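Below, read A as the first sequence line, B as the second, and so on, with proteins coming before strands; counting in each chain starts at 1. The structure displayed is predicted, hence computed values, not measured ones.
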2 protein chains.
Amino acid sequence: MMTNGLQNRQTAIPEEINGLRMTRQRQEVYRFLMGERTHPTANEVFMKIKEALPSVSLATVYNCLEALVQHKIIRQVNFDREPSRYCPNLDEHGHFHDETTGTIHDVKFKPGINLTDILDLPPNTVIKDIEITLRGQLA
Amino acid sequence: MMTNGLQNRQTAIPEEINGLRMTRQRQEVYRFLMGERTHPTANEVFMKIKEALPSVSLATVYNCLEALVQHKIIRQVNFDREPSRYCPNLDEHGHFHDETTGTIHDVKFKPGINLTDILDLPPNTVIKDIEITLRGQLA
DNA sequence: GCGGCAAATTAGAATCATTCCTATTTTGAT
DNA sequence: ATCAAAATAGGAATGATTCTAATTTGCCGC
Ligand SMILES: [Mn+2]
Ligand SMILES: [Mn+2]
Ligand SMILES: [Zn+2]
Ligand SMILES: [Zn+2]
């Protein structure tokens, strides 16, 4: 029998992820992002979750996204000076921006490749984060 | 004898580079960048060249920088949502952002490495540009 | 359950790098 | 010199993001 008082309408989201309390707003942001491969902007997230949570504000969406990024639950992706986009894929990967369609695709690294191996870094360098961005077209 | 009527006060900059006419303002922007390893922002360029050209405007600096980037004379570098920075190094290279000092360092690739070789790209992908960005600290 | 408190949310104002607008100046070509 | 095109300057506008202040919510001990 269900000890949980909530109905399981969808995939259950835990109360807390990586130490971040999952409020209703954060759940909606997180749930939407997990089902998207398109790397939506904050405003796209906002417009979408308003359907389920009409009172949500854009400021809250920014707050939620920042909290989720800070707790390494999602990643923030920037292309030049365009609005930031958000990515649920936590594997190490790059981003290919298709100029023809405007779409963004995750790019995996070939197995066994260590990014820092190919870089000529000064000794004693501690790398916290690497970002790889590609621009081009899918001919 | 000098057929050129101008005095050679400094390293001469040609009238035209990559098809871009080198106006006085563009020369100043270009000259300053060529002597800098710090990847200055538009505003830093502005403040510096005002010394030699007090009437220059920030709008013109942005115009010059855009023209120089478009003609592949310099490169624009973005870190997250920070103000754009500009780089005179046209070799293929990445950028390491030292969080401790806030400084930015060029990072070469080890010889014989082809960036696209390590990426798992879909076939028929034409890559126009690759950008590699690192964040961390020089311990 | 109830008061108190910290965290989260909200709406709207503020920020600020960048872009846009437009009048003026400069340039290069006839 | 004349003209058209390109470049510049200064100021206004833009827009993603952040900040502020005022609620609201969730949670703890009573
Ligand atoms: Mn860039
Ligand atoms: Mn980034
Ligand atoms: Zn991604
Ligand atoms: Zn550089």
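Atom pair A/N43:CG and D/dT14:P shows a separation of 17 Å (rounding to whole Å applied). Across the protein-nucleic acid pair, A/L58 atom CG and D/dT18 atom P stand 11 Å apart, rounded to whole Å. The distance from atom CD of B/E16 to atom P of D/dA7 is 11 Å, rounded to the nearest whole Å.
Using a 4.0 Å heavy-atom cutoff across all strands shown, B/S84 reaches sugar-phosphate atoms only and no base atom. If you check every strand for non-hydrogen atoms under 4.0 Å, A/N63 touches a base. Nucleic acid contact for B/T60: base, since at least one base atom lies under 4.0 Å from a heavy atom of the residue. A/E82 comes within 4.0 angstrom of no nucleic acid atom, judged by non-hydrogen atoms across all strands.
The closest side-chain heavy-atom distance from A/H93 to A/I132 is not below 4.5 Å. Using a 4.5 Å heavy-atom threshold, the side chains of A/T133 and A/H97 count as separate.
Close approach of DNA chain C to chain B, defined as any atom under 4.0 Å from a non-hydrogen atom of the protein, starts and stops at C/dA17 to C/dG28.
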Pairs: protein N or O with nucleotides 26-28 of chain D N or O, under 3.5 Å:
residue, atom, partner, partner atom, Å
D/dG26, O3', A/R21, NH1, 3.4

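Aromatic ring orientation, A/H39 versus A/H95: perpendicular (interplanar angle above 60°, classes split at 30° and 60°).
Remark: A/R81 is not in phosphate contact with D/dA16, judged by side-chain N or O atoms under 4.0 Å from OP1 or OP2.
Near DNA chain D, meaning a heavy atom under 4.0 Å away, the residues from residues 45-55 of chain B are B/S55.
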